[in-house]
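The model shown is predicted, which means the values in this text are computed figures rather than measured ones. Just the heavy atoms: all of them, side chains too, but no hydrogens, waters or symmetry mates, feed the values below. This chain uses plain numbering: 1 for the first residue, then up along the sequence.
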Amino acid sequence: MFCIAAFIVLLFMAAISARYRKYLAKAWNCTFRRITFRPCDTTFKQDMKDHMLAPIAARRPGLVKPASIGLEVVAVLIILTTIWSGYEVVKSGVNLYVYGTCNKQDSASCRLGAEACSIPDQTPGFGDSLAAWDVVGAFGNEFASLGETFSAIPSRMQNWDATAYLPADATYLNPYDASKKTALEVIDPGCTYCLQLFNNIEKAGFGEKQNLSYIAYPIQSATGYKFKNSLLVTEQLEALRLNPLEGATTPVDWEILKRIYTEKNDAGVSWQVSINSMESADASALLQGWELEFGLSQAQADHVDQVAASDQVTQVIAANKKTVEESIHTVKIPTIIFDGRRHDGLVSVGDLG
């Protein structure tokens with residue numbers, strides 16, 4: 001163990017100073033023999049320990065033995081730390097390739113991928129499990145997560161067809177045109193990056209180039225939902241999809257999304273920010289007022305409210321959730337599928353163009 005740890009340390013030190021390079025070849029020879037299960041055929045280990053322990057032997061000979069044991073313990077820790085660091089680098093790299101984030105449990109914490117609202121993984125992390133003395137669970141969850149990531153690698157290389165993931169009652173930003181390709185975005189009405197993506201879509205004229213539809217996915221958290229009224233807004237959107245307004249050029253659910261993402265209230269505050277901080281009753285009343293403004297009668301708006309609270313809408317949202325998590329395999333909101341690719345996180349105007 002000591003030889004291997006010494007090689008790891010000397011590898012970095014030799015890159016900084018030439019004085020350590022003469023020891024590096026000896027360390028590698030000893031390390032190579034150790035990792036091939038053969039004894040070291042040099043006195044490198046003893047030479048290094050003698051060199052490091054000489055000052056102690058000169059001043060406090062009685063501490064030489066405990067210090068030697070301490071060096072062995074430190075050597076083990078260096079090797080374990082190196083192995084764990086290598087594992088974390090590989091895991092982060094694979095997660096970045098598959099999910100567009102180096103941290104699958106909290107995608108927003110990784111700065112290497114596109115900006116997004118993360119879908120939190122409710123499974124306890126490795127450190128959390130160890131802190132709870134659940135050693136089996138710590139390693140079990142860790143390797144299960146890694147296996148899930150590796151199994152999702154083929155999905156990154158596949159040709160993504162947005163039509164395969166469309167919800168049953170899909171609506172489109174503009175009238176459907178069979179001559180255009182179809183694009184699908186996964187959004188949370190309360191996520192600020194979904195707002196930014198929609199504005200980029202508007203600037204790029206993306207809705208005129210593709211048949212754009214969406215799946216509303218309210219992001220859950222340990223205590224409910226990440227954004228206070230995301231579920232309520234999603235229920236209204238799904239109810240409006242199930243009860244489309246006849247003759248509307250733009251579906252009412254899209255009109256509501258456009259207002260949330262692009263307009264502000266009288267105080268100059270984005271409607272998204274405003275709704276995220278409202279009480280549920282106020283948000284519900286606001287949405288119904290918008291529905292009346294967009295052409296629904298009072299009776300139709302009341303019916304939409306009833307449908308929004310029904311088991312039917314609950315089942316639709318559950319089916320969409322399953323599609324997002326088990327078929328699309330994203331951990332970032334927004335996600336948009338177009339031109340054969342899945343784009344995780346915020347997409348720039350240029351990439352949409």
Side-chain angles (χ1 to χ4, degrees), residues 117 119-123 162-173 176 184-191 194 212-248 250-261 271-272 275-331 333-335 337:
C117 296
I119 300 175
D121 187 348
Q122 304 299 329
T123 305
T163 60
Y165 308 99
L166 288 172
D169 296 289
T171 54
Y172 299 91
L173 177 59
Y176 182 82
L184 175 68
E185 57 175 344
V186 182
I187 58 170
D188 182 324
C191 173
C194 294
L212 178 63
S213 189
Y214 70 92
I215 293 177
Y217 179 92
I219 303 172
Q220 289 183 288
S221 67
T223 57
Y225 288 88
K226 180 170 284 191
F227 304 102
K228 186 176 180 179
N229 288 308
S230 284
L231 178 61
L232 184 150
V233 175
T234 298
E235 289 171 342
Q236 289 291 132
L237 295 175
E238 295 300 343
L240 287 165
R241 279 177 151 179
L242 292 168
N243 297 272
L245 178 63
E246 188 175 348
T250 301
V252 177
D253 56 302
W254 273 105
E255 293 281 16
I256 287 176
L257 278 176
K258 287 172 69 175
R259 178 160 292 183
I260 291 173
Y261 287 154
W271 277 118
Q272 184 189 68
I275 290 173
N276 282 346
S277 61
M278 283 183 180
E279 294 301 319
S280 298
D282 294 333
S284 182
L286 176 69
L287 293 175
Q288 188 178 88
W290 287 355
E291 290 164 7
L292 296 173
E293 181 183 339
F294 293 136
L296 270 69
S297 67
Q298 185 64 59
Q300 289 172 320
D302 290 340
H303 178 66
V304 165
D305 281 350
Q306 293 175 359
V307 174
S310 69
D311 290 340
Q312 183 182 12
V313 164
T314 299
Q315 291 168 5
V316 168
I317 294 174
N320 290 342
K321 182 175 184 290
K322 184 177 181 181
T323 297
V324 171
E325 296 174 355
E326 299 182 16
S327 298
I328 298 178
H329 293 296
T330 187
V331 296
I333 300 296
T335 288
I337 299 172

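- Under the 2.5 Å cut-off for SG-SG separation, Cys194 and Cys117 do not qualify: their sulfur atoms lie farther apart than that.
- Asp302 and Gln298 share a side-chain donor-acceptor pair at under 3.5 Å.
- Judged purely by distance below 3.5 Å, without hydrogens or angles, the side chains of Tyr225 and Asp188 never pair a donor atom with an acceptor atom.
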Kindly indicate, with the supporting measurements, whether the criterion side-chain contact (heavy atoms from CB on, under 4.5 Å) is fulfilled by Leu232 and Leu287. CA-CA 10 Å; Leu232 184 150; Leu287 293 175; 3.5 Å; yes
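- Taking CD1 of Ile187 as the start and OG1 of Thr234 as the end, the distance is 7.5 Å to the nearest 0.5 Å.
- In terms of heavy atoms, Leu237 sits closest to Ala216 at CD1-CB, 4.4 Å.
- The CD1 atom of Ile337 lies 11.0 Å from the OG atom of Ser213; values are rounded to the nearest 0.5 Å.
- Considering only heavy atoms from C-beta on, Val233 stays 4.5 Å or farther from Phe227 through its side chain.
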Does the pair Ile260 and Gln272 meet the rule for a side-chain contact (heavy atoms from CB on, under 4.5 Å), with working shown? CA-CA 5 Å; Ile260 291 173; Gln272 184 189 68; 3.8 Å; yes
Worked check of side-chain contact (heavy atoms from CB on, under 4.5 Å) between Asn243 and Gln300: CA-CA 9 Å; Asn243 297 272; Gln300 289 172 320; over 6 Å; no
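- A pairwise comparison of heavy atoms in Leu184 and Pro167 identifies CD1-CD, 4.3 Å as the closest pair.
- Atom CZ of Phe294 sits about 10.0 Å away from atom CG of Leu240, to the nearest 0.5 Å.
- Residues Val307 and Val313 share a closest heavy-atom pair of O-CG2, 3.1 Å.
- Atom CG of residue Asn276 and atom CH2 of residue Trp271 lie 12.5 Å apart, to the nearest 0.5 angstrom.
- Smallest separation of non-hydrogen atoms from Leu242 and Asp169: CD2-OD2, 3.1 Å.
- Smallest separation of non-hydrogen atoms from Ser277 and Lys228: O-NZ, 4.0 Å.
- We find the CD1-OG distance between Ile275 and Ser280 to be 11.5 Å, quoted to the nearest 0.5 Å.
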Could you go through the side-chain contact (heavy atoms from CB on, under 4.5 Å) check for Asp305 and Gln236 one step at a time? CA-CA 7 Å; Asp305 281 350; Gln236 289 291 132; 3.0 Å; yes
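- Shortest non-hydrogen contact noted between Glu291 and Ile256 is CG-CD1, 4.0 Å.
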Evaluate the criterion salt bridge (charged side-chain N to carboxylate O under 4.0 Å, His left out) for residue pair Glu326 and Lys321; output intermediate values, then yes/no. CA-CA 8 Å; Glu326 299 182 16; Lys321 182 175 184 290; over 6 Å; no
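- None of Val186, Asn320, Thr171 except one satisfies the side chain to side chain contact (heavy atoms under 4.5 Å, CB included) rule with Tyr214; the exception is Thr171.
- Once rounded to the nearest 0.5 Å, the distance linking CD1 of Ile317 with CD1 of Ile215 reads 12.0 Å.
- Side-chain contact between Ser327 and Tyr165 is present, with at least one heavy-atom pair separated by less than 4.5 Å.
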